[in-house]
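Before any comments, here is the structure.
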There are 2 protein chains.
Amino acid sequence: MADDIDDVDRAILHALQEDARNMSSGDIAERTGTSDSTVRKRIQRLESDGVIKGYSAAIDYQQSGYPLRMLLFCTASISERGDMIPNILDIDGVVSVQELVTGEQNLLVTVVGEEDSDITSVAQALLDMGLTVADEVLVRSHETKPFGEFASESDE
Amino acid sequence: MADDIDDVDRAILHALQEDARNMSSGDIAERTGTSDSTVRKRIQRLESDGVIKGYSAAIDYQQSGYPLRMLLFCTASISERGDMIPNILDIDGVVSVQELVTGEQNLLVTVVGEEDSDITSVAQALLDMGLTVADEVLVRSHETKPFGEFASESDE
DNA sequence: AGTGAAAACCGGATTCC
DNA sequence: GGAATCCGGTTTTCACT
């Protein structure tokens, strides 16, 4: 519950963002000058505190047969906005929902699909929920990077 | 190089999106009705083909001391747009860059930071690179979900 | 926070289909 | 060529200090 993130925690977060699957506790222990059991306990704490929300493979959707990625900018009434996020995430093809602090277009839904009809069916589902799709933008490329502030001073 | 994604591959991708760190090859083998060595070979192939780009921990930046998340909509000249993406990713605080297929605001940069000055310094760095920051939007919440199409018919 | 033993997991080589 | 089995080394887990 408390957010006492120290340098060891930051190094752990950085390592797990780099390679969550192959980075062993021992590897991280070397970087931090602690022992592997310490690292394991820290990780457990970070997980139960919710700092680490999970571990996920980064997939290239293009190469796996789903070349379309689109951003749908939506408008929702403020009152219902928070409640419908779980429902939006349940729509097939939706990979992320972001709540925006803006006047009108206050929900940004990211959709992945194989063909155009996959996207439009998501848009339809959003309409059925009472949302207005104000804008649609195709994403040509998408790159992600581990958050740099978790890195130690020396290694970046 | 080839994208021969079959049901076994999709099950693997789905499992690794759910929990890339704790899901063992044996676990996935049970789900797919194959052996663990088969799963490991498939994973290696998916990795070297670039379908799996990596494994990353999902961090709650709010809880780890970086409460600010912002979207910066930028304008770049078409010609230089692709080349500068690596440079943008190198800016401290930038966690993702998306190339948008739109007339003007064709780059979407996501920034995470502790305070307002972290964001403005990124914006300044973008300006120094010759980009125009056309719009800035604060993100109140952000949720991600594994891509549903990889799931088998029965388990979702 | 560290130690030690049992269990699980991974990687590679081999064999089978 | 792809999938299954076996084995040596590593990693994780759990109880204890």
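Below, chains carry the letters A, B, ... as their sequence lines are ordered, and counting in each starts from 1.
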Inset, instruction - Among the candidates D/dA4, C/dC10, D/dT12, find the nucleotide nearest to the side-chain atoms of A/Arg21. - result: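 Among the listed nucleotides, the one closest to the side chain of A/Arg21 is C/dC10.
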
Legend entry - Identified side-chain contact (heavy atoms from CB on, under 4.5 Å) partner of B/Gln98 from the options B/Leu108, B/Leu107, B/Leu71: B/Leu108

Inset, instruction - For C/dA8, take OP1 and OP2 only and decide whether either is under 4.0 Å from a side-chain N or O of B/Ser24. - result: no

Inset, instruction - Report yes if a side-chain nitrogen or oxygen of A/Ser35 is closer than 4.0 Å to either non-bridging phosphate oxygen (OP1 or OP2) of C/dA1; otherwise report no. - result: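 For C/dA1, OP1/OP2 do not have a side-chain N/O of A/Ser35 under 4.0 Å.
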
Specify the separation, in whole Å, of atom [atom1] of [X] and atom [atom2] of [N].
{"X": "B/Asp4", "N": "D/dG2", "atom1": "CG", "atom2": "C1'", "result": "13 Å"}
{"X": "A/Arg42", "N": "C/dA1", "atom1": "CZ", "atom2": "C1'", "result": "10 Å"}
{"X": "A/Met23", "N": "C/dC9", "atom1": "CE", "atom2": "P", "result": "21 Å"}
{"X": "B/Ile43", "N": "D/dG2", "atom1": "CD1", "atom2": "P", "result": "16 Å"}
{"X": "A/Asp27", "N": "C/dC10", "atom1": "CG", "atom2": "P", "result": "14 Å"}
{"X": "B/Asp6", "N": "D/dG1", "atom1": "CG", "atom2": "P", "result": "18 Å"}

Legend entry - Angle between terminal axes - the helix from C/dA1-D/dT17 to C/dC17-D/dG1, 5 pairs each end, rounded to 10°: 30°

Which atoms of nucleotides 11-17 of chain C (N or O only) lie under 3.5 Å from a protein N or O atom, and what are those distances?
{"from": "C/dG11", "atom 1": "N7", "to": "B/Arg40", "atom 2": "NH1", "distance (Å)": "2.3"}

Legend entry - Worked check of salt bridge (charged side-chain N to carboxylate O under 4.0 Å, His left out) between A/Arg40 and A/Asp36: CA-CA 6 Å; A/Arg40 260 187 272 277; A/Asp36 55 350; 3.1 Å; yes

Inset, instruction - Count the heavy atoms belonging to other residues, nucleotides or ligands that lie under 6.0 Å from CD of B/Glu143, then report whether that count exceeds 12. - result: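 Incorrect, the count does not exceed 12.
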
Inset, instruction - Assess whether salt bridge (charged side-chain N to carboxylate O under 4.0 Å, His left out) is satisfied between A/Arg45 and A/Asp4, documenting all intermediate values. - result: CA-CA 11 Å; A/Arg45 194 176 64 80; A/Asp4 295 305; 5.6 Å; no

Legend entry - Set of residues satisfying salt bridge (charged side-chain N to carboxylate O under 4.0 Å, His left out) with respect to B/Asp90, sequence neighbours excluded: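 B/Asp90: no salt bridge (charged side-chain N to carboxylate O under 4.0 Å, His left out) contacts found.
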
Inset, instruction - Decide whether B/Glu149 and A/Tyr61 meet the rule of one side-chain donor and one side-chain acceptor closer than 3.5 Å. - result: no

Legend entry - Rounded distance [0.5 Å steps], CG in A/Leu126 versus CD1 in A/Ile91: 4.5 Å

Inset, instruction - Can you measure from CZ (B/Arg10) to CD1 (B/Ile5) and round to the nearest 0.5 angstrom? - result: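 With rounding to 0.5 Å, CZ (B/Arg10) is 7.5 Å from CD1 (B/Ile5).
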
Legend entry - Nearest atoms (heavy-atom pairs only) where B/Lys145 meets A/Val94: CE-O, 3.5 Å

